[in-house]
Amino acid sequence: MNSSDKQFQQRVRALYQEATQSIDPVTAGRLRAARRTALEAATAHASPHHRARVLLPVGALAAVALAALMIWQPSPAPQRDGKPQGVAVAEQENEYLPPGADKADPGLYQNLDFYSWLAANDGSQAKR
C-alpha cells in the first residue's frame, strides 16, 4: 500500500467514528435490529443452499473416484524371474493339475476308460 491509500483509510475511519457518535439512540437501535434480522435471515437461508452447493461437487467427486477405482486395476509386480506375480501363482496352482490337451501325451487320452476304472478301484482297495 502506498501513502495515499493509508491516508484515505485513516480519513474514512475518522469519518465513520464521527458519524457513529452523532447518531441518535433510536436510529442506532433500529440499525442494530435490522442488522440482527439480516444476519438471522442470512444464516437461515444460507444453510440449505450451502449444503447443496457443497454436497453436489463432493458427491460428483466420490462418483468419479468410485468409477476410477472400478476401472483401474494395477498390474501385478514382476517377480525375480521376470514373470508377473499372478502368472507365477497360476503356474504353482497348475502344477498339481494334469497337463492341458496341447501339452499332454496323446496316449493318455486313448485309455481314459482304464484310468477312470483305476481311480474308482484304487479307492476301494485302500478301504480293505
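Numbering starts at 1 and runs along the sequence shown.
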As an exercise, state the distance from [atom1] of [X] to [atom2] of [Y], rounded to the nearest 0.5 Å.
| X | Y | atom1 | atom2 | value |
| --- | --- | --- | --- | --- |
| R11 | S4 | CZ | OG | 15.0 Å |
| F114 | L118 | CZ | CG | 5.0 Å |
| L66 | L61 | CG | CG | 11.5 Å |
| R13 | F8 | CZ | CZ | 11.0 Å |

Minimum-distance pair of heavy atoms, taken over all atoms of I23 and A19: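 That would be CG1-O, 3.2 Å.
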
Stepwise side chain to side chain contact (heavy atoms under 4.5 Å, CB included) check, Y16 with T20: CA-CA 6 Å; Y16 174 75; T20 55; 3.6 Å; yes

Do any pairs count as a side chain to side chain donor-acceptor pair (under 3.5 Å) and have a residue in residues 22-37, sequence neighbours left out, and if so which ones?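 Pairs touching residues 22-37 that pass the test: D24-T27.
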
